[in-house]
Amino acid sequence: MPQLHTLMINQAQNIKDQDSHSPIVRVMDEFYQTTVPSFRPRIFALAALPNGWLHFDSKMLKLELTLDAKVFGIAGTKRVEILSLPESPKELVVMYNTATEIAETRLSKQLHQFDPDESILPAYFRASRHALLEVGPCAQDLVWRRALKEIETTIPNSMDDDEESQSSILGAKQGIRDTLKNWPFTMPNLDPSSKGFNVTHKFRKLVDILMTCGSYGEGFRGIIFVQRRAIALVLVDLFRNLYHELRFIRPCALFGHSFLDFKQHQDIFYGFVTGEYNLLIATKSTEDLEVPKASIVIRYDLFDSQISHAYARARTCGRESHLIHMVERGNDIHHHILSHIMNAGADILRWTEALCKTANNSAPVPPRDIRESINPYHSDSDDDENSSEEYITDPTTSGRIYIQDATTVIYRFTAGLKSSGIHLEDDKFLFDFKEIHSGFGTTNEYVCSVTLHGTPIDNISGSPSLSKSQARRSACFEACRELSNAGLLDYRMIPLPPFLLRQHNGLPVPLSDTDERSSSIRCYPRKYPNFWVNSITGPIVRLYPVIVSISPDADSFGDFAPILILTRRPLPHLEGFKLFFSGIASSVRFQRAAVLQLNDTQQHLINQYTNRVFRAILNKPLTCSLEDSLYFIAPLTYPRSFPLQKGLDFPDVSDSVSWDLVSLAALNWAIPIRAGSADELVLDLEDAVVQDRWVEFTRRYNVNEVRRDMTPLSKPDDSLREADYESLLDFCKARRKGFEGLKDYHQPIIQVERVSPVENRLDPTSKPLTPPSKAPAKYLIPELCAKFTLPASTLRTALLLPSIMRRIDDLLIVKELNARFFDHAIREDLLHVSLCAPSAGLEYNYERLELLGDAFLKYLCTIYVFVAEPTQNEGSLHIARQKLISNKSLLENSNLIGLPVYIQGKPFPAKSWQPPNFRLTPRTSKLIIDKSDEEAVTPVILCSEMSSDAVEAAVTRTSTACNPSLDLAVVNKTSNVNERDPPFYGKTNKKKARQDEQSSQWLGDKAVADVVEAIIGAAYISGGRETALRVTKGLAIPISNINRWSDFGRNVSTPPPDASAKLRSESTSAVERIIGHNFQRPHLLAQALTHSSIQVHEGTSYGRLEFIGDAILDFMVIQHIFNRDQTLSPGALTLLKGAMVSNSALAAVCVSSRLREHLHFESYQLAGSIEVYANELKTRQQKEYLAAEGEGRSPGQYWLGIEPPKALSDVVESIIGAIYISDDFTPIGAERLFNNVLKPFYDKHITLQTLSHHPTKILFELFQAQGCHLFEISKENNAEKTLCHVLVHEVVLASAEDVMPTLAARQASIFALDALQGDADFMRRICDCRMQSSNKKPRRKSEFEEELLTLQ
């Protein structure tokens, strides 16, 4: 460069600012700017401007900066004026009308005749539907015209014999091909008033925007961002057909995301720079590439992503350029996206500006509050299920990270680090680039490194790439791989591929059209977590430890040692839960630890140890090879408290695994007891388990104490087993076969307690095991025993593993369901509860959520049919609603999406549980049954690998036998499991039955429908009505054309104001004062108060409004008592809700609030009945208030026993409906009415205590609603008084005493109601009736109970 005197540049107008594709820009950046200023050559540039007219703008100013030169003849004031403009583009919003429902084109209907279920060409049918909705009917047909060539390539010229079976598919393709070849395709018609208008209003607006860009002339450059590849291609076709309207447009589609597309991308970018193309229609997957800047960028599809918005801004030229957002009029989602853009915080704005200035290469660390949609749009992989591209799989949800997703994932990961309190420097760049000079005549390459200090991905580099954007993608993909290997990637950041979201694993359920029996029961498979399916079998690369610790709430259960569960893929974060020991809860906690790398010896030992653990707790000869094991178990030497995770660093447990214990248990099931002295015996048996037989599968005992005060010659007075013998020694002589005496007759005795078997510890109603009919061993002689190689504290924890692993499976399934159907919109704890049926016998069930979800679903579907059927009366609306919310409909929809497989509907069968891929020892083993003990039959497994001494020891039961060992590693070699096979649970028919018990369940049709409603209830609590609406649609309930709540207000049709009857002048203001809210549409209040006896126009009485108001009231009442009485059982909530929404209660509210004075009717009979009712109600009210004051209680339901005119209750509901519609389907006004009128009335008069004057009747209804059969009221007659007890499963719930038996029973019932309200878990702990046979008949009431109910 110093050797040059002058650098002359021609056609300088074609040089684009910061365009790395221009050779001149690279020369200036890489050579000119790097030369010392005094040695730089002069610059002389010629620019040919259109029409010879010089317009100095920001583009010319940037050209000056790029060439380090100045335009001749321009004053400095003009430059200052340009520099005073903001650098950011002008952002505009263009509104377009909501697309009405568009019918498929005639071509599409004809093609469906060849492929009715879209199984032959599914991708093209999907693309055509997208084009229909986004662009219009013309575009739908053009998709098929473009597809014609690809379809022809799939049709062979001749068909072999082997292809005869495919003749129907080929015939369909040939029919589609011939139809397309002969089809008269129409061109786009942009005239909305024309009958042939065949595009959407959205596309018409896009054309209008482009038509205004003609003034740019040859300098025009535009980019349109769309979601899908099919839309990009069809827009190119349409623009080329609009030559007269857009003759200056030269469009080109930009898509593809792999390295193989690089050359194509570079050619397109070069053509865009040189003017071969001046409009790029790009998919979202290309927005982070080095796309040349444009004068106008249009976001045709809006994405809920601030990252996407930043990318779009980075593609603009800054000053005097435009960024246009196309927004659907009235679309709440689009409005929310815009509000996030407009109200972005200062950190977001600074990051966006920095991203624009760095040309999207060395981007800064994003702020913590950055927003990004959970599911990115796979615009270029929508239809490629079997794509050969590399991706990273999330084991929990089966989500995938493709290379085009990696940059966004890293942005979200770094933002999440800042949210979790990890300090990151905002002014540091996230990426660092190095240019590799390959030599003269070759293209230079770039290597990108992630620079995130203090994290495992700092200085992670990608592969060399020909562009910085591809290099950045490669580095981010490698960083994602590293994070995945370290177990640091949150599964909620990883999108599900669209083909997985489209799949429906539903089971066809034949249902009768006329018979809907809630008692129908069907068998469903139980979902197996994808986590274990995605776990890699074969050689171990790394293991991910999770520390499992048990914290018992009582000291009587002994110590539980912490253990490690080692998985091949990282488990996600798991919340702790409770296990139950005879109804007493103990807490289980999980804590993730740092990745473990084991050598070959350690791997085999840990596998053999795992085999030993499961053989011991299940008492079965199970084994699994190292290659086939999905997880492993290891003991820990940690104390009860563990080091906490610090930032991204998990605690290291590599030095805390007790390898001595692992090795000992891996090779031996038992070892001799060291009993040289009493002190040595005490030390050896600390935290020990012993067995009185030298066999692997036998009874084992926890050592409670070494009794120095007893010897084998002692008679244990407190042991029933030896009651008929003079001493423990005499018992052994009589009962132990082959007993030849002891070496030491004065050795201490071991006091023991039998180890409990595996039980279902997830059941809070679990009761202690029934004591054996024969007295168990309490004392053992050490010399005749062996020491089990697992410590007692470790074995206690291991015995809980079946219940722990079952709960882990449940939690994994919940995460999978939430990701697949609900986009992580539901709180996982609530979703788990909503999947648990009462029959599962868990600490919680779906019943409360089902009550809330049932009310919301009724509320939603009522509004939907009200809006969708504007001319139907309330009777027809009721029928339409039932078609949506009936149990039969919910069952069919849930089966369509495959929901039943996720439900937990039966108790955990702990005794038949086996870990996946474990098999019984091969049949070559000989099974010897030891019958020497009269108390039990003990199986002895003799394998060919056992030594002859070990075999002899097992048969003869001599105490001098050598240490028994079973070479599990050798046995494992005989067990080969195909990686593709599902987990194996045994071979024989009996084992097959046990497998079926674990993998299938019977569910009632009503239970499935209840789960649907419970999920909706969980969604409402998680995110309100919008989330609940979205989840309802995700459950396949057909709420058509409604995607957000505001759609109801836009689609509703109500009678005009002049069609309603006229109210008295003071009625409107009076009603508004009563309810505390003003009507936006007063004529709706007139309709709500108009009785059917007045007919102005058809449909102007309150019938339809009462229909919608009834559902709204139901939901508000359920919300109220759900939040007010959080400890009440679902049965009690149902009773309260029934009392609150009853006609008699609403009529009383109507009278007490004086709303009845404004009812508009023309019926003397109705007027008379209202007057009589109001007078009687007032009298009853006064009496009840006086009685309540005298008795010191709240007033009850004084309105019971009086039949009210139905018009009074109807008018309350119709006013609620009128307010709701008047407020554009928002609940503000209806909630004010509830809070000002209904809530005070309910809280005063309707609680569980004031529910009725018949507490015994209410109590019995509560028990029956809970499904309980074992309850009663007993009485004990004393000298002067009678004592009554309320008994549930023989447990006293409440008691009371009085002179009269009936009064004592009444008071005991009241106390029982109070107890149930204060202890919501009482019935769950005590009652297990629902887990018993469904055919169990209800208990017959006693004569005393019949007498009580008769009196009440």
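Being a predicted model, the structure only gives us computed values, none of them experimental.
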| Taking only residues two or more places apart in sequence or in another chain, which ones pass side-chain hydrogen bond (donor to acceptor under 3.5 Å, both in side chains) with T862? | R881
| request: For the pair N887 and D1005, evaluate side-chain contact (heavy atoms from CB on, under 4.5 Å) and give the outcome as yes or no after the intermediate values. | output: CA-CA 7 Å; N887 286 345; D1005 292 352; over 6 Å; no
| How about L817 and F822: do any of their side-chain heavy atoms sit closer than 4.5 Å? | yes
| For E575, what residues pass the side-chain hydrogen bond (donor to acceptor under 3.5 Å, both in side chains) criterion, not counting sequence neighbours? | H573
| query | If you count the non-hydrogen atoms of other residues, nucleotides and ligands that lie under 6.0 Å from CZ in R1154, is the total more than 12? | reply | no
| task | Would you please test E1026 and R1044 for salt bridge (Lys or Arg N to Asp or Glu O under 4.0 Å) and show each step? | result | CA-CA 6 Å; E1026 293 290 350; R1044 51 212 166 267; over 6 Å; no
| query | Of all residues at least two apart in sequence or in a different chain, which pass the side-chain hydrogen bond (donor to acceptor under 3.5 Å, both in side chains) check with E1231? | reply | none
| message | Do L1085 and V1071 have side chains that approach each other closer than 4.5 Å (heavy atoms only, starting at C-beta)? | response | yes
| Validation row: P1227, R1025 side chains within 4.5 angstrom (heavy atoms) | yes
| said: Less than 4.5 Å apart, side chain to side chain, heavy atoms only: is that true for Y1173 and V1151? | reply: yes
| field | Inter- and intrachain pairs under ring-ring contact (aromatic ring centres under 6.0 Å, His included), touching residues 863-888, at least two apart | value | none
| field | Heavy-atom donor-acceptor pair, S876 side chain to Q872 backbone, under 3.5 Å | value | no
| Residues that D1224 engages under side-chain contact (heavy atoms from CB on, under 4.5 Å), provided they are two or more places apart | R1081
| request: Compare all side-chain heavy atoms of Y902 with those of V1011 and state whether any distance is below 4.5 angstrom. | output: no
| query | Quick one: are K527 and E816 in side-chain contact, heavy atoms under 4.5 Å? | reply | yes
| message | Does any part of the side chain of N845, heavy atoms only, come nearer than 4.5 Å to the side chain of V833, both counted from C-beta? | response | no
| task | Output every pair passing ring-ring contact (aromatic ring centres under 6.0 Å, His included) with a member in residues 1009-1029, not counting sequence neighbours, ordered by first then second residue. | result | F856-Y1020, Y1020-F1115
| task | Could you pull out all residues at least two apart from K858 that satisfy salt bridge (charged side-chain N to carboxylate O under 4.0 Å, His left out)? | result | D1110, D1114
| request: Answer yes if the ring centres of Y1220 and W1045 are under 6.0 angstrom apart, and no otherwise. | output: no
| query | Can E1184 and K1244 be counted as an ion pair, charged N to O under 4.0 angstrom? | reply | no
| request: Would you mind listing every ring-ring contact (aromatic ring centres under 6.0 Å, His included) that reaches into residues 832-854, with sequence neighbours excluded? | output: H832-Y844
| request: Compute whether any side-chain donor of one residue and acceptor of the other, for Q1080 and S1222, lie under 3.5 angstrom apart. | output: no
| field | K1178 atom NZ, neighbour heavy-atom count above 12 within 6.0 Å | value | no
In residues 1199-1210, what donor-acceptor pairs under 3.5 Å come from side-chain atoms, sequence neighbours left out?
from, atom 1, to, atom 2, distance (Å)
K1206, NZ, D1210, OD1, 2.8
K1206, NZ, D1210, OD2, 3.0
S1209, OG, N1143, OD1, 3.3
S1209, OG, K1206, O, 3.0

| Expected output: side-chain T1134 to main-chain P1130 donor-acceptor under 3.5 Å | yes
| message | With a 4.5 Å cut-off on side-chain heavy atoms, are I885 and I1037 touching? | response | no
| field | Results of side-chain contact (heavy atoms from CB on, under 4.5 Å) for S1142 - residues two or more places apart only | value | S1144, A1145
| task | With sequence neighbours left out, write down each residue that passes side-chain contact (heavy atoms from CB on, under 4.5 Å) with D854, or none if nothing qualifies. | result | E850, E1013
| Do H1120 side-chain atoms and M1116 backbone N/O form a donor-acceptor pair below 3.5 Å? | no
| query | Which residues satisfy the side-chain contact (heavy atoms from CB on, under 4.5 Å) test with S1194, sequence neighbours excluded? | reply | T1250
